[in-house]
*Asks:* 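Below is one structure. I have some questions about it.
Keep in mind it's a predicted model, so treat the numbers as computed, not measured.
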Number of protein chains: 4
Amino acid sequence: MKTCEKIVHASLELFNTKGERRITTNHIAAHLGISPGNLYYHFKNKEDIIRSIFSLYETHLHAGFQPYENKAVDVELLVGYFDTMFDILWRFRFMYTNLTYILSSDEALLQRYLQVQQLALDRSSNILGQLKRDGLLHIDDDKVMPLADTMRMVACFWIGYKQTHSSSIAITKTCLYEGLLRVIMIFKAHATPTSIATFNRLEEHYQTLAQPQSCQASELSVQL
Amino acid sequence: MKTCEKIVHASLELFNTKGERRITTNHIAAHLGISPGNLYYHFKNKEDIIRSIFSLYETHLHAGFQPYENKAVDVELLVGYFDTMFDILWRFRFMYTNLTYILSSDEALLQRYLQVQQLALDRSSNILGQLKRDGLLHIDDDKVMPLADTMRMVACFWIGYKQTHSSSIAITKTCLYEGLLRVIMIFKAHATPTSIATFNRLEEHYQTLAQPQSCQASELSVQL
Amino acid sequence: MKTCEKIVHASLELFNTKGERRITTNHIAAHLGISPGNLYYHFKNKEDIIRSIFSLYETHLHAGFQPYENKAVDVELLVGYFDTMFDILWRFRFMYTNLTYILSSDEALLQRYLQVQQLALDRSSNILGQLKRDGLLHIDDDKVMPLADTMRMVACFWIGYKQTHSSSIAITKTCLYEGLLRVIMIFKAHATPTSIATFNRLEEHYQTLAQPQSCQASELSVQL
Amino acid sequence: MKTCEKIVHASLELFNTKGERRITTNHIAAHLGISPGNLYYHFKNKEDIIRSIFSLYETHLHAGFQPYENKAVDVELLVGYFDTMFDILWRFRFMYTNLTYILSSDEALLQRYLQVQQLALDRSSNILGQLKRDGLLHIDDDKVMPLADTMRMVACFWIGYKQTHSSSIAITKTCLYEGLLRVIMIFKAHATPTSIATFNRLEEHYQTLAQPQSCQASELSVQL
DNA sequence: TATGAATGAGGTTTCATTCAT
DNA sequence: CATGAATGAAACCTCATTCAT
């Protein structure tokens, strides 16, 4: 791996485990066994490293959330959607730990964040819209986007929220699954008699995963 | 006003408008035209100032959320509840801008936060429970607390969320009302045929306030 | 007691138990429940307080070491001499903990110290001289004063020396008695066959007192 | 010379001439014409610098006090012993100026000091023991170690003692030789008729060196 | 590419002392 | 006599960043 990539990955790793605030550029260099000068040869500054991590984040988002327009929206698609969400939340959890903090110090990054989030919002709005059209979601037309947005908001801030509940820094996968269950709960409140069973299955699926012991199961394919 | 109080209020003001991170003890002292030594005469350190602000916060919370046990839960009570919430979110918006960040550096503060939030959660759970018993809320028994918790979470993190949407640091009252509307939306999804009209009135009330021009109306008494 | 005296005594107490370095003028004021301003009304500065303590020290020295010229030098006189020494070392132990440090920051104090020490040296030299003339001390004439000086030096620096042996701040009376025994040991090396028994009795006397349990016995009158 | 070493040597120099208390990290940096940040790049803090100086001290001690077990204890050995003592007292005189003060703020340093002093005490006790067995020292068995300890104590605190005698901070080599003479005096009080001549020669040797004009002679080899 | 010493601005904090009341 | 808030110099330390090699 190139030094450049090594820096990005080591930074992500350190940020995720120790928190972005506590990690200085010197820490990163020391962790990799390279000199601070070398780090600054590859990156203009710390912000620049975070931007590179953000590029990685964008790549994951785009790869994970392919357009669904042509597919039918069924449980498997939703599970796929939530699994991708989980994966990204987990991989970049340091960002979600303190989104406001990280974005507030870099205007350019904020713009990129807004763009990528708009995309995600559009896609999830589309899915909700389709569910509504299929009679699977009971909701006013003008509330589709707000619902999608609320679900996104809960997903994005769940990690930060959980961190206001204990002094330990560690974020567990279990804690992330609890967040997904909350998103599903908001979602399910709009279920129709036709779709309630589907929502229940979705919920049960993540309830199983939210058990501490099933952390390792998160990569397994899902059989509903 | 005593210097001690001046420091607390100036700090709150500066934190709210410039962000807690950017304000150092030197800034606060300079802003008040006092020496850094004087500031440290009144407060052990910056943390100590924040703790004093937090005491103010606790006072407001306790004053605002009196027990509701003996009263009937009607729209006015809910409006009162949401108005208090709004007031506190507004007054201490710097905290809500970056709850995770602020609490993560002071274990004692975190404990106080947890305690006060537990109280708030208990009270709102009680209200939701009563609404359910009165046939005004359609929800499983074991979902009452999660719903209350979700509503609280959205309320608490809405400011941070909004800050990931624009580069300006300023938080407007309008933006806060949008947050309340989202909380109400989550709430309303569990309305029964009996209560839907009530929820709608509640929603409309805050929709009016959420218009930018009605910012100044936030202090007016509410006539439903 | 006048505030002025209260300050002197509280300072001495605090210096002895906590160490002069760790005690600020504000500590002293707080300990007495008076304001720092009041303290500075009575004393120009911290140095001034120390000088007042030093006056107390001088008083004790003069009271304790009356001229011995007309008396015979016997064991009781020596015991009286060492007891006074012990008493003063104990009362003003904070000074002896760090003599160099305290005197190096106040030239005037140093001069007073030199004067009072010269007096003490003269008196003890006289005693040693008399012992020599009485055939109780085997020593060259030109070594009388150096011997007296060495004994004084060991007595004065014993406390500081003991403090380089453990991290605890507390100085015990036992530890002081050990110091006296060392002084006696240097002394006794010059005993003559005539006087050796006397020296042994002197030594035994303080060996008894150096037992930890006999701390309280230090005030008892001595029966040889 | 590396910056790291420069800092250690400049600090030792400044401490010796101006006193450790008066020298801050900023002073050291300014003296070397480097930035405070650079100093902190090489050393964690002032304590860390002192610890490095202490390592130098340990090196000197170990190099200077080789085990004497196989050699006969004669005047030359004793002179070598005292010369090494002199050299170390001189090089690290800032430490001896205020041993108590310096050791009291760093527990780890105190431990290292105790260890190295124990070693020194053991070696000098051995020498005294051998002298006694050879009939050159008149002393009780149980007083051998106390004597060695007293000699060490006088040597270690002599500098501090001398500083309570004059306001100038400067310590001269002459003053150190006076200290050695005092140590020898304590030592010599236990001479036997066999050894008295040897002790006298030892004393005369250092009496010559203690003449102010012979300061420069300290490096000359000694011919008895 | 890479090193690692060096920078320097800026933050936190302490404390002897002053001063208006 | 007494208060206690206020001062300000100076200490300590951090860290993103630069620069000569």
*Asks:* With the side chain of A:Ser35 defined as its heavy atoms from C-beta on, choose the nearest nucleotide among E:dT12, E:dG8, E:dA2.
*Replies:*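 Minimum distance to the A:Ser35 side chain belongs to E:dA2.
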*Asks:* Flag the pair D:Thr100 / D:Phe157 as yes when at least one side-chain heavy-atom distance between them is below 4.5 Å, and no otherwise.
*Replies:*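 The answer is yes, as the side chains (C-beta and beyond) meet within the 4.5 Å cut-off.
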*Asks:* Report the distance from atom NZ of A:Lys46 to atom P of F:dT18, rounded to the nearest whole Å.
*Replies:*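 After rounding, the gap between these two atoms is 15 Å.
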*Asks:* May I have the distance from C:Tyr41 (atom OH) to F:dG4 (atom C1'), rounded to whole angstrom?
*Replies:* 17 Å
*Asks:* Hey, which sits more toward the 5' end of DNA chain E by its nearest nucleotide, C:Glu47 or A:Lys2?
*Replies:*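 Checking each residue's closest nucleotide, the 5'-ward one belongs to A:Lys2.
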*Asks:* Under a 3.5 Å cut-off for both contacts, is F:dT3 paired Watson-Crick or G-U wobble with anything, and if yes, with which nucleotide?
*Replies:*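 Check on F:dT3: paired to E:dA20, both distances under 3.5 Å.
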*Asks:* Under 4.0 Å between a side-chain N or O of A:Thr25 and OP1 or OP2 of F:dA16?
*Replies:*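 Yes, because at least one side-chain N or O of A:Thr25 sits under 4.0 Å from OP1 or OP2 of F:dA16.
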*Asks:* Starting at atom CG of B:Leu32, determine the distance to atom P of F:dA5, rounded to an integer number of angstrom.
*Replies:* 15 Å
*Asks:* Report the nucleotide, chosen from F:dC12, E:dA5, F:dT3, that has the shortest atom-to-atom distance to any side-chain atom of A:Pro36.
*Replies:* E:dA5
*Asks:* Between E:dT1 and F:dT21, how far apart are the two C1' atoms, rounded to whole Å?
*Replies:*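 The answer is 13 Å between these two C1' atoms.
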*Asks:* Output yes when at least one side-chain N/O atom of A:His42 is less than 4.0 Å from OP1 or OP2 of E:dA2, else no.
*Replies:*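 Yes.
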*Asks:* Let me know the distance between CD1 of D:Ile28 and P of F:dC13, rounded to the nearest Å.
*Replies:*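 It is 11 Å, rounded to the nearest whole Å.
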*Asks:* My understanding is that only residues two or more places apart in sequence, or in another chain, count here; which of them pass side-chain hydrogen bond (donor to acceptor under 3.5 Å, both in side chains) with B:Ser35?
*Replies:*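 Partners of B:Ser35 under the side-chain hydrogen bond (donor to acceptor under 3.5 Å, both in side chains) test: none.
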*Asks:* In this structure, how many angstroms lie between the P atom of E:dG11 and the CZ atom of B:Arg21, rounded?
*Replies:*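 Whole-Å distance recorded here is 13 Å.
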*Asks:* Is C:Arg91 close enough and on-axis enough to C:Tyr57, meaning under 6.0 Å and within 45°, for cation-pi?
*Replies:*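 Not satisfied by the 6.0 Å and 45° rule.
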*Asks:* Compare all side-chain heavy atoms of C:Leu56 with those of C:Ser52 and state whether any distance is below 4.5 angstrom.
*Replies:* no
*Asks:* Atom CD1 of A:Ile50 to atom P of F:dT17: distance rounded to whole Å?
*Replies:* 10 Å
*Asks:* OP1, OP2 of F:dA2 versus side-chain N and O of C:Thr3: anything below 4.0 Å?
*Replies:* yes
*Asks:* When A:Phe15 is tested against each of A:Phe54, A:Phe92, A:Phe94 for ring-ring contact (aromatic ring centres under 6.0 Å, His included), which residue passes?
*Replies:* A:Phe94
*Asks:* Pick the nucleotide of DNA chain E nearest each of B:Ile23 and C:Asn26; which residue has the one closer to the 5' end?
*Replies:*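 The residue mapped nearer the 5' terminus is B:Ile23.
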*Asks:* Counting heavy atoms from C-beta on, name the nucleotide in F:dC1, E:dT7, F:dC12 closest to the side chain of D:Thr24.
*Replies:*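 The listed nucleotide nearest to D:Thr24's side chain is F:dC12.
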*Asks:* Which one is paired to E:dT12, where only Watson-Crick or G-U wobble pairs with both distances under 3.5 angstrom count?
*Replies:*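 Pairing partner, where one exists within any strand: F:dA11.
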*Asks:* Within this structure, what is the CD1-to-P distance between B:Ile7 and F:dA5, rounded to whole angstrom?
*Replies:* 11 Å
*Asks:* Side chains of C:Gln115 and C:Gln111: is there a donor and an acceptor less than 3.5 Å apart?
*Replies:*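 C:Gln111 and C:Gln115 do not have a side-chain donor-acceptor pair below 3.5 Å.
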*Asks:* Given E:dG4, E:dT14, F:dG8, identify the nucleotide with an atom nearest to the side chain of B:Tyr40.
*Replies:*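 The nucleotide sitting nearest to the side chain is E:dT14.
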*Asks:* I want to verify a distance call: between F:dA11, F:dT17, E:dT3, whose nearest atom is closest to the A:Asn38 side chain?
*Replies:*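 Looking only at heavy atoms from C-beta outward on A:Asn38, the closest nucleotide is E:dT3.
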*Asks:* Measure CG/C:Leu39 against P/E:dC15 and give the value in whole Å, please.
*Replies:* 15 Å
*Asks:* Given F:dT17, F:dT3, F:dT7, which nucleotide is nearest the side-chain atoms of A:Asn45?
*Replies:* F:dT17
*Asks:* Which is more 5' along DNA chain F, the nucleotide nearest D:His27 or the one nearest C:Gly33? Just name the residue.
*Replies:* C:Gly33
